[in-house]
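What follows is a short report on a single structure.
Counting starts at 1 for both ligands and their atoms, in listed order.
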Amino acid sequence: MCAAGPVIVITGTPGTGKSTHAQLLVDESPVPLKHINVGEWVKEKGWYEEFDEEWQSYTADEDKLLDELEPIVAAGGVILDWHTCEVFPERWADLVVVLRCDHARLWERLEKRNYALKKIQENNEAEIMQVVLEEARASYPSEIVVELKSETTEDLEANVARIVEWIAVWKNERASEA
Ligand SMILES: Nc1ncnc2c1ncn2[C@@H]1O[C@H](COP(=O)(O)OP(=O)(O)O)[C@@H](O)[C@H]1O
């Protein structure tokens with residue numbers, strides 16, 4: 001059976017705009033998409049082992065997470081929104097979007113979240129060192145990994161428009177294969 005929609009991984013350092021992009025994409029996509037904020041999901045369901053101080057998030061029970069995600073991903077039409085992406089099997093993703101943000105702006109966004117100074121510094125350093133981008137490049141074929149700037153509202157709108165266009169192409173290709 002052909003999946004109803006693509007599987008899009010949106011990743012990036014906390015504060016780069018993953019959830020904002022995912023929500024807008026759900027509204028504008030030509031095929032129905034389900035947004036899974038993986039960090040929130042893990043927290044709600046209690047599928048974690050410990051609190052990860054560095055990332056201010058819960059360290060997921062990865063086996064449990066992958067088991068639960070597998071049927072959802074198989075059905076298609078899903079956005080996986082998380083600050084890490086190497087956990088997901090390579091075969092899952094049709095597109096991997098890595099959001100990037102200037103460190104001064106990112107600092108301000110994280111400050112607004114009332115993160116502790118050390119956490120802001122760590123996340124900022126990770127962004128400067130492009131940790132998430134390197135991880136995505138090491139985990140997926142280069143042709144499906146897209147790095148997008150997420151600094152302004154114009155960036156947000158342009159990025160979403162670009163991904164919507166990509167989804168439309170995906171949809172047409174599937175329709176012609178059927
Ligand atoms: N491209 C952008 N332009 C302006 N503000 C943005 C942009 N992307 C994100 N933001 C703002 O930054 C903050 C963090 O965004 P969020 O989507 O929660 O990040 P993440 O899900 O990556 O942690 C929010 O206040 C959001 O409105």
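Between Phe88 and Trp82, the two ring planes are tilted [angle within 30° to 60°].
Considering backbone and side-chain atoms together, Lys18 places an N or O closer than 3.5 Å to an N or O of ligand 1. The shortest N or O to N or O distance between Pro14 and ligand 1 is not under 3.5 Å.
Heavy atoms of Glu151 found under 4.0 angstrom from ligand 1 belong exclusively to the backbone.
Distances from atom 25 (O) of ligand 1 to the protein include no heavy-atom value under 4.0 Å.
Distance from atom 13 (C) of ligand 1 to its nearest protein heavy atom, with residue and atom name: Arg109 CD, 3.8 Å. Here the heavy atom of the protein found nearest to atom 8 (N) of ligand 1 is Ser150 OG, 3.3 Å. Atom 15 (O) of ligand 1 has its closest protein heavy atom at Thr20 OG1, 3.6 Å. Looking from atom 1 (N) of ligand 1 to the surrounding protein, the closest heavy atom is Thr152 O, 2.9 Å. Taking atom 19 (O) of ligand 1 as the reference point, the nearest protein heavy-atom neighbour is Gly17 N, 3.1 Å.
Here Lys149 contributes atom NZ and Thr16 contributes atom OG1; the two are 13.5 Å apart, rounded to the nearest 0.5 Å.
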**OP:** Evaluate side chain to side chain contact (heavy atoms under 4.5 Å, CB included) for Arg137 paired with Gln130, printing each intermediate quantity in order.
**Re:** CA-CA 11 Å; Arg137 285 183 173 154; Gln130 49 186 53; 4.2 Å; yes
**OP:** Check the pair Glu127 / Asn123 against side chain to side chain contact (heavy atoms under 4.5 Å, CB included), numbers first and verdict last.
**Re:** CA-CA 6 Å; Glu127 181 59 16; Asn123 279 304; over 6 Å; no
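Atom CD of Glu165 has 12 or fewer heavy atoms from other residues, nucleotides or ligands within 6.0 Å.
The shortest heavy-atom distance from Gly12 to ligand 1 is not under 4.0 Å.
In this structure the side chain of Ile10 reaches within 4.5 angstrom of the side chain of Leu99, judged on heavy atoms.
For ligand 1, the atoms lying closer than 4.0 Å to a non-hydrogen atom of Ser19 are 17 (O), 21 (O). Set against the non-hydrogen atoms of Arg113, the atoms of ligand 1 under 4.0 Å away are 14 (C), 16 (P), 18 (O), 19 (O), 20 (P), 23 (O).
A donor-acceptor contact shorter than 3.5 Å links the side chain of Ser176 to the backbone of Glu173.
Side-chain atoms of Glu135 and Thr84 form a donor-acceptor pair, as typed in the model, at a separation below 3.5 Å.
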